[in-house]
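For reference, positions follow the sequence shown, starting with 1. The figures here come from the full heavy-atom set of this structure, side chains too, leaving out hydrogens, waters and symmetry mates.
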Amino acid sequence: MDSIFFNGWENLFRTLIVGLLAYGVLVLFLRLSGNRTLSKMNAFDLIVTVALGSTLATILLSKDVALAEGALALGLLIFLQFAITWLSVRKRWVKRLVTGEPLMLLYRGEFLTKALRESRVTQDEVRAAIRSNGLGSVGEAHAVILETDGSLSVVKEGDSHTDSSLEGVRQSNR
């Protein structure tokens with residue numbers, strides 16, 4: 001029962017030293033891997049971030065994991081994330097596999113009901129995105145897109161004479 005609150009100074013000292021070193025290793029690896037590792041997250045990035053956090057916690061709290069093993073695990077996760085994002089920039093099929101594609105939910109003032117249903121987004125959420133972009137009506141929106149990070153982008157009617165910003169956006173049949 002004594003070990004519930006205190007396991008001894010040696011355990012505290014180990015946690016302090018390993019925590020400082022593992023944190024330093026993680027920061028160093030993240031800086032070396034570039035800004036993409038810390039960018040706005042899509043589902044893939046979120047999984048890597050959770051895995052990094054879980055690995056750091058294991059390094060800190062498990063006596064069975066040496067700092068070198070933990071640093072290797074952190075480095076491996078960051079390397080895999082770097083490799084996948086490097087490939088996704090060069091191979092479109094990898095990008096689609098990892099991050100998905102943006103999906104058009106509204107086009108020229110008309111809700112695309114099949115896309116809304118497929119993405120589990122309500123018309124009220126689309127209207128909220130339109131309002132948050134300062135538009136007073138659905139008709140003022142040229143398009144609303146569900147981005148791969150889960151955010152909604154609104155393209156205002158008359159913002160451009162071409163649909164170039166909509167290139168690569170998947171359109172579901174109404």
Would you confirm whether [X], through its side chain, and [Y], through its main-chain N or O, come within 3.5 Å as a donor-acceptor pair?
{"X": "Glu110", "Y": "Tyr107", "result": "no"}
{"X": "Arg90", "Y": "Thr85", "result": "no"}
{"X": "Ser54", "Y": "Ala51", "result": "no"}

Quiz prompt | Flag if over 12 foreign heavy atoms under 6.0 Å of CZ, Arg120 | solution =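 12 or below, so no.
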
How long is the gap from [atom1] on [X] to [atom2] on [Y], to the nearest 0.5 Å?
{"X": "Tyr23", "Y": "Leu74", "atom1": "OH", "atom2": "CG", "result": "12.5 Å"}
{"X": "Leu72", "Y": "Phe79", "atom1": "CG", "atom2": "CZ", "result": "12.0 Å"}
{"X": "Glu101", "Y": "Leu146", "atom1": "CD", "atom2": "CG", "result": "12.0 Å"}

Practice problem: Just do the side-chain contact (heavy atoms from CB on, under 4.5 Å) check on Arg131 and Arg127 with the steps written out, would you? | Solution: CA-CA 6 Å; Arg131 287 191 305 272; Arg127 285 188 182 96; 3.6 Å; yes

Self-check item: Residue pair Thr55, Ile59: steps toward the side-chain contact (heavy atoms from CB on, under 4.5 Å) verdict
Solution: CA-CA 6 Å; Thr55 302; Ile59 296 166; 4.0 Å; yes

Self-check item: Between Asp149 and Ser151: side-chain donor-acceptor atoms closer than 3.5 Å
Solution: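 There is such a pair (donor and acceptor under 3.5 Å, judged by atom type) between the side chains of Asp149 and Ser151.
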
Is there side-chain contact between [X] and [Y], with at least one heavy-atom pair below 4.5 Å?
{"X": "Leu105", "Y": "Ser119", "value": "yes"}
{"X": "Lys63", "Y": "Asn11", "value": "yes"}
{"X": "Phe111", "Y": "Val138", "value": "yes"}
{"X": "Ile78", "Y": "Leu26", "value": "yes"}
{"X": "Leu152", "Y": "Glu147", "value": "no"}
{"X": "Thr122", "Y": "Val126", "value": "no"}
{"X": "Lys156", "Y": "Glu140", "value": "no"}
{"X": "Ile145", "Y": "Leu103", "value": "no"}

Does [X] belong to the same Ile/Leu/Val/Met/Phe/Trp/Tyr cluster as [Y], with side-chain heavy atoms less than 4.5 Å apart forming each link?
{"X": "Leu21", "Y": "Leu52", "result": "yes"}
{"X": "Leu56", "Y": "Leu76", "result": "no"}
{"X": "Val98", "Y": "Ile47", "result": "no"}
{"X": "Leu67", "Y": "Phe13", "result": "yes"}
{"X": "Leu77", "Y": "Val27", "result": "no"}

Exercise. Locate the shortest heavy-atom distance separating Val65 from Arg14; write the atom from each residue and the value.
Key: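 Of all heavy-atom pairs spanning Val65 and Arg14, the closest is O-NH2, 3.1 Å.
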
Quiz prompt | Val144 and Met104: CA distance, side-chain angles, deciding distance, side-chain contact (heavy atoms from CB on, under 4.5 Å) verdict | solution = CA-CA 6 Å; Val144 177; Met104 192 169 314; over 6 Å; no

Quiz prompt | side-chain contact (heavy atoms from CB on, under 4.5 Å) evaluation trace for Arg96 with Lys91 | solution = CA-CA 9 Å; Arg96 278 195 312 266; Lys91 302 290 183 188; over 6 Å; no

